[in-house]
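Hydrogens, waters and symmetry mates are skipped; everything else that's a heavy atom, side chains included, is used. Chain A is the first sequence line, chain B the second, and so forth, proteins listed ahead of strands; every chain is numbered from 1. As the structure is a prediction and not an experimental result, all values here were calculated from the model.
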Number of protein chains: 4
Amino acid sequence: MSTATATAPTAAEPRRAPRPRADALRNRERIIAAAREMFVEEGAMVPLDEIARRAGIGNATLYRHFPDRAELITSVVLAVMERVAVAAETAAAEESDAFAALRRFVYAAADERIGALCPMLSEGFERNLPELEASRDRLDGAVTDLMARARRSGQLRDDVAVGDLMVALSQLTRPLPGTACPNIDQFVRRHLQLFLDGLQAPARSELPGTAATLQDLSQMQPSAVG
Amino acid sequence: MSTATATAPTAAEPRRAPRPRADALRNRERIIAAAREMFVEEGAMVPLDEIARRAGIGNATLYRHFPDRAELITSVVLAVMERVAVAAETAAAEESDAFAALRRFVYAAADERIGALCPMLSEGFERNLPELEASRDRLDGAVTDLMARARRSGQLRDDVAVGDLMVALSQLTRPLPGTACPNIDQFVRRHLQLFLDGLQAPARSELPGTAATLQDLSQMQPSAVG
Amino acid sequence: MSTATATAPTAAEPRRAPRPRADALRNRERIIAAAREMFVEEGAMVPLDEIARRAGIGNATLYRHFPDRAELITSVVLAVMERVAVAAETAAAEESDAFAALRRFVYAAADERIGALCPMLSEGFERNLPELEASRDRLDGAVTDLMARARRSGQLRDDVAVGDLMVALSQLTRPLPGTACPNIDQFVRRHLQLFLDGLQAPARSELPGTAATLQDLSQMQPSAVG
Amino acid sequence: MSTATATAPTAAEPRRAPRPRADALRNRERIIAAAREMFVEEGAMVPLDEIARRAGIGNATLYRHFPDRAELITSVVLAVMERVAVAAETAAAEESDAFAALRRFVYAAADERIGALCPMLSEGFERNLPELEASRDRLDGAVTDLMARARRSGQLRDDVAVGDLMVALSQLTRPLPGTACPNIDQFVRRHLQLFLDGLQAPARSELPGTAATLQDLSQMQPSAVG
DNA sequence: TATGAATGAGGGTTCATTCAT
DNA sequence: TATGAATGAACCCTCATTCAT
């Protein structure tokens, strides 16, 4: 990326990414914010024109920034993942009790609408982009640390891994398409808490199957569909 | 279902429902079965023509049986709800241990693809149809019984209600649209087990909000959307 | 195609092309006719909606018959090629003088708007469809015969082949996109006549390059485009 | 072009055209060159952004020089017409035999991609611009001279005029849109030669219709289109 | 002036729904 | 009744053109 010299292009580099314009950047952020909201509220299939309208821009501008829906979804996923990773790191840093930190992260992730990440498990989603893998690894690392600490303190059962937490968390907070009823949130909190209780040590049961990391999830290939 | 008596036309009602033909009934069942499969595999927005094709009938035939998508969804929800209610009753009848019965129901509901019920929470879904309410009450009653019994035996925490279980169950087993990866099932089992562990008494935390019945969920009105 | 038994499907063939409906066939013909006119008048890039409107049908109906523009172009090319082949055979049958037959064919082809065939030389046009090859071979055979006869009678120069005639004929009669000026036709007649005069024996010059058949033209692959 | 004197601002005309900057002129030429190439390769409907990119400039710069596609086409037509006129004059000057000069011109025009002139016959093309008429007259004059000389020498038939030659020449060399197959050129040479043979005296037939000048062609108004 | 970005209008295509056989 | 066909509305996307840097 040559970030150091990026702002001073020499004659040897003729016109290479000549500094993104301020309003373009602002538009890009607006689009991602609008898309995140609408993905959460309406599902990943909302008309892109609606997103553009919510972002207050023309439809073609959206296409300039994100050539197709996949690109937009990827960018939203990236943005959410970053925010959730930050939440995990913040929880670890600011909470002294290990399980309290885990709980705080879970609620923070819900607030960040982590359910918006679920399109990344869909068919056709490109899981292997470098940026995405980097962000995923960052999130994975932060949550792994949170869980390891809780496990060391004897509060988290041994037989669960990051994948268990993240997928259940995503599913439990997943938005109902077409349902923008705010009441649902209070129920989600209860489900999360019950799930957290189930995560506590000592384990009250033996889990079927095996634990999974985020990488495992990323590797899962969707089966062919007729 | 009780179709035998319900449709028997008396002499006083001249031809109100002129006897559904055998093949028509078979078609109706085929459509519902195909729709349930495809809702689970592809989401509730699959093209109706695809459902018709999977059911092996013409598209217009589908419309004869179900005038629009909502009708079809309602019928599928009804069918699933019936099957899940039966599963609850069976679990109660055949399992001696109260929490084992609850667990068996949870897994049976997962097998019945209870996640396909989630469209009933969507905007535009008509929750107040008599048939639907009857079926919902039956399911509610059966699960309430299961939970009451488990609570009486001291195995289920006091602060949870049917709505908590059913919504979380639906969410955790909810299919990923466009993702037909079978691996996901093994993870779902783990999540359900962890959730069940969180349901056990003694309660390991104090739940936020209040417990909800299925009736409460049905009353929730989706907020207006621009 | 099993045309003989097509109207009486046995139980052994469950629903295989259950007889095309009369109005569907009529629509198909209307679309092809409208498309041919508009391709000739406006070029191959006319909006398909315009074709549908000219054909007096809805736009989606056009897509039911021809899934994309390529399919439609292929069908139009086929139809024109058939008509032109018939014209060649008719000219051969009804004209006693060999060169007169050739001339009659050339003018008939112009009247059939053979210039509408030119899209078949465009990039992305699928040249290798069986039906297309059959039609092309029929046309090639008919014109080859016409030319052979004229050559035997000493009226046609030896160094020209079917490809020379057909491509020049297509180009000279090619419609000007956006130009529906009828005056142009009288000029086209002059050009065709001049070209025919150039085809007469004895040859007034030595032609560069080599003669080409229609097959040769079909084999030409368009080079990659940046 | 006579740019030197035409744009020299006198003291009486205060800054009517404030001296075109060197790089602006260079850009203008680049655009025309790029447009000519792409019109020939891809047809007159290529996206203007593509032309700008091929020319190595921004899209808005193209619009500064040519407010719309029509202006650009006009300029390209002008440029090509100039080059073809020069070719005609050169052929007349350097070739002693009259018909050889005509033949040389025909091939030179093909090399100059005279087929790129065909948009000038399209609907919406503004034929009556002074510059265009001047250029057209120059070309007309040069070709008329060539033909007159060949006619005087008894090598060119009497019943053809400039319009016959130029339109046929344009059509026969016209590029196939989307087809950049180089093989076609060898065939074009054959067609041109055959056409030239048809032009030779003595006339082998009587031509239908009447001969046309370039002016006649310019006068032809496209008929109204639905 | 040259440029990247923004935009609205329009074309291609799909899909829920209706029609006619 | 069951069906293939027809339809228009809506979505995605492109492109000519304008705006702001």
Q | Distance in angstrom units between A/Met38 CE and F/dC11 P, rounded | A | 11 Å
(Q) Looking at E/dA5, I'd like to know if its phosphate oxygens (OP1 or OP2) sit under 4.0 Å from a side-chain N or O belonging to A/Asn27. (A) no
Q.
Do A/Ser75 and A/His65 make a side-chain contact, defined as non-hydrogen atoms from C-beta onward lying under 4.5 Å apart?
A. no
Q) Which whole-number value in Å describes the distance from D/Arg53 CZ to E/dT3 P? A) 15 Å
(Q) Using whole Å, what does the distance between atom P of nucleotide F/dT1 and atom CZ of B/Arg26 come to? (A) 16 Å
**Q.** For atom CZ of D/Arg69 and atom C1' of F/dC15, their distance in whole Å
**A.** 9 Å
Q. Are B/Glu50 and B/Arg54 close enough that some pair of their side-chain heavy atoms sits under 4.5 Å apart?
A. no
(Q) Can you measure A/Asp23 atom CG to E/dA6 atom C1' for me and round it to whole angstrom units? (A) 9 Å
Q: Go ahead and write out DNA chain E as dot-bracket, 5' to 3': ( ) for pairs within the strand, [ ] for ones crossing earlier pairs, | when the partner sits on another strand, dots for unpaired; Watson-Crick or G-U wobble, both distances under 3.5 Å.
A: .||||||||||||||||||||
Q. So how far is it from C/Tyr63 OH to C/Asp49 CG, rounded to the nearest 0.5 Å?
A. 6.5 Å
Q | From B/Ile73 atom CD1 to B/Asp68 atom CG, the distance as rounded to the nearest 0.5 Å | A | 9.0 Å
Q. Side chain of A/Asp49: nearest nucleotide among F/dC12, E/dG11, E/dT13?
A. F/dC12
Q | Any side-chain heavy-atom pair of C/Leu72 and C/Phe39 under 4.5 Å | A | yes
Q.
On a heavy-atom basis, which atom in C/Ala52 and which in C/Gly58 lie closest, and how many Å separate them?
A. CB-O, 3.9 Å
Q: Round to a whole Å and report the spacing from CE of C/Met45 to C1' of F/dC15.
A: 12 Å
Q) So how far is it from B/Arg28 CZ to B/Ile31 CD1, rounded to the nearest 0.5 Å? A) 8.5 Å
Q.
Among residues 59-66 of chain A, which ones have heavy-atom contacts with DNA chain F below 4.0 Å?
A. A/Asn59, A/Ala60, A/Tyr63
Q: Please figure out whether C/Asp68 or A/Gly58 has its closest DNA chain E nucleotide nearer the 5' end.
A: A/Gly58
**Q.** Nearest-nucleotide 5' precedence on DNA chain F, D/Pro47 against C/Gly56
**A.** C/Gly56
Q.
With heavy-atom distances below 4.5 Å as the criterion, would you say the side chains of A/Ile51 and A/Leu48 are in contact?
A. yes
Q | Comparing A/Leu48 and D/Val46 on DNA chain F - which has the more 5′ nearest nucleotide | A | A/Leu48
(Q) With a 4.5 Å cut-off on side-chain heavy atoms, are A/Asn27 and A/Arg30 touching? (A) yes
Q) Could you state the CZ-C1' distance from C/Arg28 to F/dA6, rounded to the nearest angstrom? A) 16 Å
**Q.** Spacing of B/Glu71 atom CD relative to E/dA16 atom C1', expressed in whole Å
**A.** 15 Å
